[in-house]
Engineer: 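This is the structure, below, for whatever I ask next.
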Amino acid sequence: MTATIVIIFLVVYLGMILGGLPFLQLDRTGVALLGAIALISVDAVTLQDAAEAVHLPTIILFFSFMVVSAQMRLGGFYDWVTRRLAALALSPPQLLGALIFVVAGLSAVFSNDIVCLAIAPVLINVCLRRELDVVPYLLALACASNIGSAATLIGNPQNMLIGQTLRLSFAGYFSEAVLPVVLGLGATWALIAWQTHGRWTNIEVAVPENAAPKGNDVEVPLDQWQTAKGLTVTAVLLVLFLYAPWPREHMALTAAGVLLMSRKFHSNKMLGLVDWELLVMFMGLFVVNHALQQTGLIDKVVADLGAFGLDPHQPGPLSVVTFLLSNIVSNVPAVMLLLPVATHPMAGTVLALVSTLAGNLLIVGSIANIIVVGAAARRGVRIDWRRHARVGVPVTIATLAITGAYLWLRLSISG
């Protein structure tokens with residue numbers, strides 16, 4: 001049975017690497033779900049064990065914030081922010097800086113994926129009206145959303161998972177993460193601005209005039225009442241996260257329920273913006289990782305690495321392994337694999353920061369990157385992996401270097 005579990009695990013994580021399986025119409029979600037089904041079918045995991053393996057508080061928190069972000073998107077908040085930003089009397093470098101910090105702030109509170117999905121098409125229109133090269137701004141959007149989402153335990157899926165599993169303090173994590181995140185955003189602005197060489201209006205890729213936005217790319221007008229409702233609920237939720245003793249998933253689910261009780265937005269519109277596939281992938285991976293954990297092989301591998309001086313229980317080796325796995329199998333599966341060894345007091349901070357910042361390296365490193373590149377392609381702007389890597393690689397190196405130096409200093413002071 002151990003051999004069967006290992007084979008299923010390897011097939012599933014091959015799917016995570018490739019984005020699917022050869023000769024089958026499966027994406028990562030389908031592969032994770034099929035792996036869980038296979039384990040149950042061969043009696044490697046009972047239905048009861050599979051249900052208990054799914055960390056329900058994480059799923060609930062993730063779902064709840066998808067609903068909150070859906071409220072903000074349907075209310076036109078993200079579109080309004082982008083248009084207001086563009087209306088400011090700012091030079092191109094100043095606009096880039098403002099975009100980076102505004103997007104980072106939104107991504108720290110709302111889902112970074114939905115922020116990118118809403119802002120990217122509006123940002124393209126803004127750049128066209130100002131006759132600016134759209135590519136640096138789109139790349140800044142992707143990078144800033146990833147970096148900003150690292151600032152809190154609700155900014156992205158892997159941080160939610162880490163915070164819920166390790167029961168990290170919301171305020172405590174923010175106080176640890178905010179400095180490297182802010183410095184990383186500054187480094188991102190400097191790198192992208194330097195790469196433009198002052199040619200902000202030298203548009204390398206012309207956007208066809210007939211490439212009109214369609215479907216999800218159409219701008220949403222601001223609904224002041226619905227936006228105020230969403231912002232109020234979010235603000236109350238953040239205050240409760242900081243000071244209330246109740247479980248975060250309970251408070252977030254209550255907030256989602258309040259927003260679903262709407263006289264204007266039908267529940268099918270709200271729930272239609274929930275990424276159900278990502279939730280299913282989470283559940284499938286929970287089952288697959290649980291089965292492997294039960295074999296004892298992970299403990300053996302960790303012990304063998306420790307014998308070679310690479311104990312992943314320690315922050316340094318954990319950072320290296322997190323970075324490598326995040327760019328091989330993606331950050332969410334990587335975090336799921338590494339959570340059992342996250343026993344050091346700083347392990348949660350290391351996992352959250354490194355796994356998130358590593359997502360900027362390549363297009364496939366995060367869903368936010370894929371969303372931005374896809375939105376650009378629909379408007380006739382091609383951003384291939386080379387163009388993305390010109391920004392993503394140095395940004396990743398710079399932000400991880402800043403984070404590494406900060407964590408080393410923190411450990412030196414506390415140790």
Side-chain angles (χ1 to χ4, degrees), residues 54-75 77-78 81 101-115 118 145 147-179 181-182 223-265 267 270-271 273-275 278-279 282 332 335 339 342 345 348-349 351-353 356:
V54 175
H55 195 259
L56 197 55
T58 299
I59 299 297
I60 290 174
L61 186 67
F62 196 20
F63 164 79
S64 301
F65 269 92
M66 286 180 176
V67 173
V68 173
S69 287
Q71 171 77 23
M72 305 311 299
R73 189 178 178 202
L74 291 173
F77 174 69
Y78 301 127
V81 168
F101 281 92
V102 167
V103 167
L106 292 175
S107 298
V109 178
F110 306 106
S111 170
N112 61 333
D113 298 343
I114 292 184
V115 169
S145 70
I147 298 170
S149 72
T152 68
L153 293 174
I154 57 174
N156 55 55
Q158 64 271 17
N159 279 22
M160 292 185 192
L161 174 60
I162 293 165
Q164 291 297 101
T165 304
L166 301 181
R167 305 309 300 173
L168 299 181
S169 162
F170 190 84
Y173 173 79
F174 177 76
S175 66
E176 294 283 5
V178 64
L179 182 58
V181 165
V182 170
D223 185 318
Q224 294 183 354
W225 166 247
Q226 296 299 332
T227 295
K229 177 182 174 183
L231 289 174
T232 301
V233 169
T234 303
V236 170
L237 198 55
L238 290 177
V239 172
L240 291 175
F241 278 4
L242 289 171
Y243 301 109
W246 308 307
R248 286 195 288 266
E249 63 274 14
H250 290 188
M251 296 184 285
L253 190 61
T254 301
V258 169
L259 293 177
L260 284 170
M261 293 188 297
S262 174
R263 297 178 61 186
K264 181 168 184 179
F265 297 149
S267 59
M270 298 278 286
L271 297 177
L273 291 174
V274 171
D275 194 338
L278 194 53
L279 292 175
F282 259 72
V332 169
V335 165
L339 273 172
T349 302
L351 266 180
L353 286 172
T356 302

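Since the model is a prediction, treat every value here as computed from it, not as a measurement.
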Engineer: Between D275 and M66, is there a donor-acceptor pair closer than 3.5 Å when you use the side chain of the first and the backbone of the second?
Structural biologist: no
Engineer: Under the 3.5 angstrom rule, does the side chain of T227 hit a backbone N or O of G75 as a donor-acceptor pair?
Structural biologist: yes
Engineer: Side chains of N156 and T356: donor-acceptor distance under 3.5 Å anywhere?
Structural biologist: yes
Engineer: Where do L61 and A252 come nearest, in terms of heavy atoms and distance?
Structural biologist: CD1-CB, 3.6 Å
Engineer: Find the distance between CZ (R248) and CD (Q164) and round it off to the nearest 0.5 Å.
Structural biologist: 5.0 Å
Engineer: Among pairs that include at least one residue of residues 55-68, which meet side-chain hydrogen bond (donor to acceptor under 3.5 Å, both in side chains), considering only residues two or more places apart or in two chains?
Structural biologist: H55-T58
Engineer: State, to 0.1 Å, how close N159 and S149 come at their nearest heavy-atom pair, and which atoms those are.
Structural biologist: ND2-O, 3.4 Å
Engineer: Are the aromatic ring centres of F62 and F282 under 6.0 angstrom apart?
Structural biologist: yes
Engineer: Within this structure, what is the CG-OG distance for the pair L153 and S169, rounded to the nearest 0.5 Å?
Structural biologist: 8.0 Å
Engineer: Given 3.5 Å as the limit, does a donor-acceptor pair link the side chain of E176 with the main chain of T349, or not?
Structural biologist: no
Engineer: Take L237 and F65 through the side chain to side chain contact (heavy atoms under 4.5 Å, CB included) test and state the conclusion after the steps.
Structural biologist: CA-CA 10 Å; L237 198 55; F65 269 92; 3.7 Å; yes
Engineer: So which heavy atom on V115 is nearest to which on V103, and how close?
Structural biologist: CG1-CG1, 4.4 Å
Engineer: What heavy-atom pair brings A352 and Y173 nearest, and what distance separates the two atoms?
Structural biologist: CB-OH, 3.3 Å
Engineer: Please list, chain by chain and in numerical order, all residues satisfying side chain to side chain donor-acceptor pair (under 3.5 Å) with T165, sequence neighbours excluded.
Structural biologist: none
Engineer: Side chain to side chain contact (heavy atoms under 4.5 Å, CB included) for L231 and M72? Distances and angles first, verdict last.
Structural biologist: CA-CA 8 Å; L231 289 174; M72 305 311 299; 3.5 Å; yes
Engineer: Taking all heavy atoms of A171 and all of L242, pick out the closest pair and write down the distance.
Structural biologist: CB-CD2, 3.6 Å
Engineer: Rounded to the nearest 0.5 Å, how far apart are CH2 of W246 and CZ of F241?
Structural biologist: 12.0 Å
Engineer: Quick one: do Y78 and S69 satisfy side chain to side chain contact (heavy atoms under 4.5 Å, CB included)? Show the steps, please.
Structural biologist: CA-CA 10 Å; Y78 301 127; S69 287; 3.8 Å; yes
Engineer: Taking atom OG of S262 and atom NZ of K229, what is their separation to the nearest 0.5 Å?
Structural biologist: 4.5 Å
Engineer: Take F63 and L271 through the test side chain to side chain contact (heavy atoms under 4.5 Å, CB included) and record every step on the way to the result.
Structural biologist: CA-CA 9 Å; F63 164 79; L271 297 177; 4.0 Å; yes
Engineer: Taking all heavy atoms of I154 and all of A108, pick out the closest pair and write down the distance.
Structural biologist: CG1-O, 3.6 Å
Engineer: Rounded to the nearest 0.5 Å, what's the gap from NZ on K264 to CG on L74? Could you check?
Structural biologist: 9.5 Å
